[in-house]
Amino acid sequence: MAETVARVEETDVPIENWTAWPAREALSLVGVPRRRRVLTWVVRGVLVVVFLVSVLHEDVLRGGQYAAVAAGIMLCAVAVWRCYTTTLQQRLWTSIGLLSLLLVTGAVALGAGSHATATGLWCVGAVVAVERLPLGPGLGVAAVAMGLYVPTSERLVPAAGTVAAVLLIGYSLRLDEEARGAGFRMLAQERAARRAEAESAALAERARIAREIHDVLAHSLSAQLVHLEAARLLVESGAEREAVLERIVSARGMAREGLSETRQALSALRGEMTRPEEFLRDVAASEGARLQVTGEPRRLPAEAGLAVRRVAQEALTNVRKHAPGARVDMEFSYLEGEVELSVHDGGARGHTNGLAASGAGYGLLGMRERAELLGGSLEAGPGGPEREGFVVRLRVPA
């Protein structure tokens with residue numbers, strides 16, 4: 001869609017020089033209101049009536065000359081109508097030929113003694129040429145037309161005024177039509193841009209939904225794998241049936257939680273999500289972790305709230321895998337312009353009973369990518385000399 005907008009900008013905008021045609025939108029009636037079309041035809045009708053009255057009042061018309069003048073006027077009317085079509089098709093020489101027919105017919109009418117017919121045809125030809133042809137050829141045709149008219153005028157000043165008026169009318173019509181064409185092009189570009197934005201927003205929304213579903217399923221399946229791996233180890237070590245069954249039931253519970261979280265993620269994307277601290281309290285209670293919330297609570301954007309939820313779930317899953325039974329401290333802080341989540345386990349890592357090998361190891365990498373997409377950051381690593389264990393810290397704008 002962006003290519004469409006660029007194509008419109010590159011091909012439809014007229015080049016401002018002497019040989020460029022007016023834009024096709026300017027030469028056509030596209031975008032012209034019906035009231036303006038009616039007004040245009042009324043004005044043209046009035047001008048035609050004035051022209052015919054002037055011709056009929058000439059004393060030189062007698063007998064068969066009326067029929068000849070009428071035939072010539074009809075021929076020129078057809079030529080003007082065809083000229084509007086050929087200029088829309090940007091056929092230069094055909095358009096010039098049709099306008100030349102007007103000039104030649106005017107010269108014939110003048111030879112027959114009809115000065116009003118000749119003057120009217122020459123003025124119409126000049127106006128149409130300046131209005132619809134490339135500016136250079138249009139002015140050339142207008143110069144020929146006015147060059148035929150001026151010698152037939154008895155007084156120079158009125159002739160000069162007529163020439164100026166004809167050129168001014170033709171150029172004014174040209175500018176008006178080009179302005180209308182430019183407005184139509186801008187409207188078309190705006191509509192194309194809106195369609196592109198709508199498509200981009202739809203694609204972004206699909207990508208966001210796909211990312212959320214992927215993260216939910218990745219977390220759920222990873223947690224299930226932890227329990228199933230524990231069940232396998234219990235079976236291999238000859239543990240009692242109840243212990244194995246407990247792990248299997250836990251895996252089934254994680255599957256149910258995964259379905260529930262999928263529904264919650266979709267609800268969150270629709271703006272139907274509870275505050276992150278409420279979710280963190282529930283998950284901390286279920287995992288036996290300690291939670292501290294600081295700062296003034298406020299409503300978070302859907303993606304920021306989902307990032308907090310996913311990082312908390314992934315961090316607690318890693319604790320179950322790498323430091324089972326370790327004490328976990330969680331801190332969620334509302335800061336100025338952002339929120340921070342910190343998950344710290346104080347257990348000695350490495351005594352994992354074989355669960356650390358479960359999963360693909362991409363959980364924190366996916367969370368880091370999610371945070372960076374939101375303009376935030378995620379840090380994960382040892383707590384340092386003053387703080388044993390492992391720390392996951394998320395910061396996202398909110």
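- Around CD of E246, the count of heavy atoms belonging to other residues, nucleotides or ligands within 6.0 Å does not exceed 12.
- Under a 3.5 Å cut-off, the side chain of R132 and the backbone N or O of Y84 do form a donor-acceptor pair.
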(message) Under the criterion salt bridge (charged side-chain N to carboxylate O under 4.0 Å, His left out), I'd like the reasoning laid out for R310 against E314: C-alpha separation, chi angles, the key distance, then a yes or no.
(response) CA-CA 6 Å; R310 297 292 168 260; E314 182 63 31; over 6 Å; no

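- When hydrophobic clusters are built by joining Ile, Leu, Val, Met, Phe, Trp and Tyr residues whose side-chain heavy atoms come closer than 4.5 Å, directly or via intermediates, L98 is not grouped with L102.
- Heavy-atom minimum distance, E277 versus P297: OE2-CB, 3.6 Å.
- A heavy-atom distance below 4.5 Å is found between the side chains of L280 and M330.
- Alongside V157, the hydrophobic cluster contains no other residue (criterion: ILVMFWY side chains under 4.5 Å).
- G125 and L99 get closest at one heavy-atom pair: O-CD2, 4.2 Å.
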(request) Quick one: do C83 and V128 satisfy side-chain contact (heavy atoms from CB on, under 4.5 Å)? Show the steps, please. (result) CA-CA 9 Å; C83 185; V128 174; 4.0 Å; yes

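- Contact check for T152 versus V150: no side-chain heavy atoms found under the 4.5 Å cut-off.
- Contact record, A284 with L291: CB-CB, 4.1 Å, taken as the closest heavy-atom pair.
- In this structure, CZ on R91 lies 13.0 Å from CD1 on I96, to the nearest 0.5 angstrom.
- A donor-acceptor pair under 3.5 Å is formed between the side chain of S286 and the backbone N or O of V283.
- For the residue pair A126 and A145, the shortest heavy atom distance occurs at CB-CB, 4.1 Å.
- The hydrophobic clustering, which links ILVMFWY residues whose side-chain heavy atoms are closer than 4.5 Å, places L228 and V235 apart.
- Two residues are said to be in side-chain contact when any heavy atoms from C-beta on lie closer than 4.5 Å; P137 and L92 meet this criterion.
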(message) Evaluate V166 against W122 for side-chain contact (heavy atoms from CB on, under 4.5 Å), listing each step before the verdict.
(response) CA-CA 10 Å; V166 166; W122 291 335; over 6 Å; no

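- In terms of hydrophobic clustering, with Ile, Leu, Val, Met, Phe, Trp and Tyr side chains grouped at heavy-atom distances under 4.5 Å, L139 and L175 are assigned to a common cluster.
- By the rule that hydrophobic residues join a cluster once side-chain heavy atoms approach within less than 4.5 Å of another member, V108 and V144 end up as members of separate clusters.
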(request) Could you walk me through whether R281 and E278 pass the salt bridge (charged side-chain N to carboxylate O under 4.0 Å, His left out) test, one step at a time? (result) CA-CA 5 Å; R281 289 192 181 97; E278 297 178 11; 6.0 Å; no

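- Across all non-hydrogen atoms, the minimal contact from G106 to L121 is N-CD1, 3.8 Å.
- Within the 4.5 Å cutoff, no side-chain heavy atoms of H344 are placed close to those of F390.
- Side-chain contact between R393 and L341 is absent, with no heavy atoms from C-beta onward closer than 4.5 Å.
- Taken to the nearest 0.5 Å, the CD atom of Q90 stands 11.0 Å off from the CG atom of L133.
- Residues T162 and C123 have side chains in contact (heavy-atom distance under 4.5 Å, counting atoms from C-beta outward).
- One finds a salt bridge joining E236 and R232 here, because a Lys/Arg side-chain nitrogen approaches an Asp/Glu carboxylate oxygen to under 4.0 Å.
- Judged by distance alone, with hydrogens and angles left aside, the side-chain atoms of W21 form no donor-acceptor pair with the main-chain N or O of P134 at under 3.5 Å.
- Remark: R247 CZ to L233 CG distance equals 9.5 Å, nearest 0.5 Å.
- Using a 4.5 Å heavy-atom threshold, the side chains of L167 and Y171 count as separate.
- Panel note: side chain S333, backbone L335; no donor-acceptor pair is recorded below 3.5 Å.
- Side-chain contact of T86 with S95: a donor-acceptor pair under 3.5 Å is present, judged by distance alone.
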(message) Working note: E338 + V396, criterion side-chain contact (heavy atoms from CB on, under 4.5 Å); need CA distance, chi angles, decisive distance, verdict.
(response) CA-CA 5 Å; E338 61 182 5; V396 290; over 6 Å; no

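- Taken from CE in M367 to CG in L378, the straight-line distance is 8.5 Å, to the nearest 0.5 Å.
- Residues L110 and H115 form a side-chain contact, since some pair of their non-hydrogen atoms from C-beta on lies under 4.5 Å apart.
- When the shell of 6.0 Å around CD of E240 is examined, it contains 12 or fewer heavy atoms from other residues, nucleotides or ligands.
- Qualifying ring pair (Phe, Tyr, Trp, His ring centres under 6.0 Å) partners for Y334, counting only residues two or more places apart in sequence or in other chains: F332.
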(request) Check step by step if salt bridge (charged side-chain N to carboxylate O under 4.0 Å, His left out) holds for E190 and R194. (result) CA-CA 6 Å; E190 182 180 356; R194 288 181 179 178; 2.6 Å; yes

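- Closest approach of R298 to V339, counting heavy atoms only: NH2-CG1, 4.2 Å.
- Between E178 and R174 there is a salt bridge, with a side-chain nitrogen of the basic residue lying less than 4.0 Å from a carboxylate oxygen of the acidic one.
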(request) Evaluate salt bridge (charged side-chain N to carboxylate O under 4.0 Å, His left out) for E340 paired with R395, printing each intermediate quantity in order. (result) CA-CA 5 Å; E340 179 183 272; R395 278 178 175 257; 2.6 Å; yes

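- Clustering ILVMFWY residues whenever any of their side-chain heavy atoms sit less than 4.5 angstrom apart, transitively, puts V104 in a cluster other than the one holding V141.
- Separation of atoms CG (L394) and CZ (R368) is listed at 11.0 Å; rounding is to 0.5 Å.
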